[in-house]
Amino acid sequence: MILNGHIDVVSPEARSHWVRDPFTAHVDGEWLYGRGAADMKCGLAVILGAVKGLRELGLSPRAPVHIQSVVEEECTGNGCLQTVLAGYAADAAIIAEPFGAASPPRRSACSGSTSWCTACPHAAESGTMVSAIESSLPLIQALRAVEAELNAAPASPYDQYEHPISLNVGQIHAGDWNSTVPGECVTGFRIAMYPGTPVADIRARVERAVADAVAAQPGAFASVPEVRYRGFAAEGYQVPPDRLLVQSLSSAYARHLGTPPALVATTGTTDARVLGASGIRTVCFGPYAEGAHGVGERVYLPSVIQTAQVMGLFIKDWCGVT
């Protein structure tokens with residue numbers, strides 16, 4: 001059995017919007033606030049708490065339980081990949097990612113994503129230089145159209161979301177002086193994709209959208225903007241709900257809480273795809289949290305205890321104990 005979580009976090013942007021220092025944990029009532037409280041230090045606490053609880057009861061798993069704390073989940077997945085390359089293997093894995101739901105569900109699917117940037121040159125129009133920043137705006141609109149197409153008719157289990165696929169315009173770099181026309185505007189994008197969709201298919205749609213935008217407004221561009229792929233790129237991952245891992249975890253949850261958990265798909269990308277690609281069945285199961293990647297990120301502390309208890313029961317069922 002593998003119990004996995006990542007220790008890296010995203011930036012606290014915008015830091016000035018936080019009421020308190022985002023890197024100093026703060027407890028208010030039954031909530032713990034801070035960057036990484038939800039995504040996903042709470043999950044690491046669950047993993048350690050589940051194993052510690054079994055030990056304090058004098059119980060030892062009859063099969064190996066690997067506890068993995070990895071880096072780079074937010075940007076590459078290379079930390080989790082290194083555990084695979086190092087030879088760690090198991091019959092099943094749980095990643096203790098948090099959830100935004102009243103009771104922790106299980107994630108049976110996670111989306112993939114790809115990142116890229118467009119380098120848009122300036123253009124001369126009627127003797128006047130057109131800012132590369134302004135020339136980049138039609139490209140953003142064209143890519144928004146791709147986003148709309150991907151959300152038009154989502155298949156199960158993503159039909160439970162109104163807008164499962166999101167395009168994020170995350171960065172823009174252009175110009176160095178207010179009185180100089182920017183010669184280039186580099187805009188950074190990230191978009192999700194459904195499990196089973198090849199990265200190459202999404203990239204082809206991106207490139208076609210950029211080419212169509214240029215064809216529609218040829219005077220706005222000195223040359224065709226360059227699409228540069230850099231950073232994250234990964235296909236999605238899905239586990240059928242009838243698999244033993246999903247059923248066993250559901251059983252442990254139902255015995256402890258008296259009701260079966262929800263089975264959901266996440267619109268985010270997780271390290272489940274890395275373990276799944278190596279042949280290890282993987283689901284995500286974690287505490288109730290809010291505001292991951294946002295201002296005021298927080299986790300509901302009673303759910304941390306509850307999730308650790310369910311995970312302890314699952315370890316007992318899956319591995320056996322002595």
Side-chain angles (χ1 to χ4, degrees), residues 10 13 74-77 109-156 158-159 161-237 265-269 273 293:
V10 300
E13 178 82 10
E74 296 289 0
C75 53
T76 65
C110 67
S111 65
S113 68
T114 188
S115 298
W116 74 95
C117 66
T118 57
C120 185
H122 66 68
E125 188 176 80
S126 300
T128 301
M129 298 298 291
V130 179
S131 169
I133 295 176
E134 294 180 78
S135 296
S136 71
L137 299 181
L139 302 184
I140 296 175
Q141 293 304 312
L143 292 167
R144 285 293 180 199
V146 173
E147 176 190 34
E149 293 170 4
L150 293 172
N151 283 290
S156 178
Y158 287 91
D159 54 355
Y161 295 101
E162 183 177 347
H163 190 88
I165 300 297
S166 292
L167 170 74
N168 187 58
V169 186
Q171 299 183 69
I172 185 166
H173 301 277
D176 59 4
W177 180 244
N178 289 351
S179 296
T180 301
V181 177
E184 183 180 72
C185 178
V186 179
T187 309
F189 300 89
R190 180 266 190 196
I191 197 168
M193 65 188 76
Y194 299 112
T197 301
V199 172
D201 287 4
I202 296 297
R203 288 180 170 178
R205 295 182 76 157
V206 166
E207 292 167 17
R208 186 165 59 250
V210 170
D212 290 346
V214 174
Q217 301 185 49
F221 306 93
S223 60
V224 177
E226 181 184 0
V227 179
R228 304 170 182 168
Y229 297 106
R230 56 177 62 168
F232 202 95
E235 295 184 9
Y237 172 72
T266 176
T267 56
T269 303
R273 76 190 190 285
H293 289 216

May I have the step-by-step check of salt bridge (charged side-chain N to carboxylate O under 4.0 Å, His left out) for R228 and E184, ending in yes or no? CA-CA 14 Å; R228 304 170 182 168; E184 183 180 72; 3.5 Å; yes
Rounded to the nearest 0.5 Å, how far apart are OG1 of T266 and OH of Y237? 14.5 Å
If every non-hydrogen atom of P182 is compared with every non-hydrogen atom of I133, which pair is closest and at what distance? CG-CD1, 3.9 Å
Go through Y229 and W116 one step at a time and tell me if the ring pair (Phe, Tyr, Trp, His ring centres under 6.0 Å) criterion holds. CA-CA 4 Å; Y229 297 106; W116 74 95; 7.0 Å; no
Do the non-hydrogen side-chain atoms of I191 and I202 ever get within less than 4.5 Å of each other? yes
Let me confirm one number: the CG-CZ distance from L139 to F221, rounded to the nearest 0.5 Å. 4.5 Å
Least distance between heavy atoms, A209 atom then V146 atom: CB-CG2, 3.7 Å
So how far is it from E147 CD to Q141 CD, rounded to the nearest 0.5 Å? 10.5 Å
Gap between atom OG1 of T114 and atom CD of E235 - 0.5 Å precision: 10.5 Å
To the nearest 0.5 angstrom, please state how far the CZ atom of R273 sits from the OG atom of S111. 10.0 Å
Show, in sequence, the C-alpha distance, side-chain angles and deciding distance for R203 and V227, and conclude whether the side-chain contact (heavy atoms from CB on, under 4.5 Å) test is met. CA-CA 9 Å; R203 288 180 170 178; V227 179; over 6 Å; no
Could you state the interatomic distance from OG1 (T118) to CD1 (I140), rounded to the nearest 0.5 Å? 7.5 Å
I'd like to know if the side chain of Y158 reaches the main chain of I165, judged simply by a donor and an acceptor atom lying under 3.5 Å from each other, with no hydrogens or angles considered. no
Nearest non-hydrogen partners of D159 and P154, listed with the distance: CB-O, 3.5 Å
Less than 4.5 Å apart, any side-chain heavy atom of R144 and any of V169? yes
R230 vs C117 side-chain heavy atoms within contact, under 4.5 Å: yes
Could you walk me through whether L150 and R205 satisfy the side-chain contact (heavy atoms from CB on, under 4.5 Å) test, starting with their C-alpha distance in whole Å, then the side-chain angles of each, then the deciding distance to 0.1 Å, before giving a yes or no? CA-CA 10 Å; L150 293 172; R205 295 182 76 157; 3.3 Å; yes
Is it true that the NZ or CZ of R190 lies under 6.0 Å from the centre of F232's six-membered ring and within 45 degrees of the ring axis? no
For E207, I'd like to know if atom CD has over 12 heavy atoms of other residues, nucleotides or ligands within 6.0 Å. yes
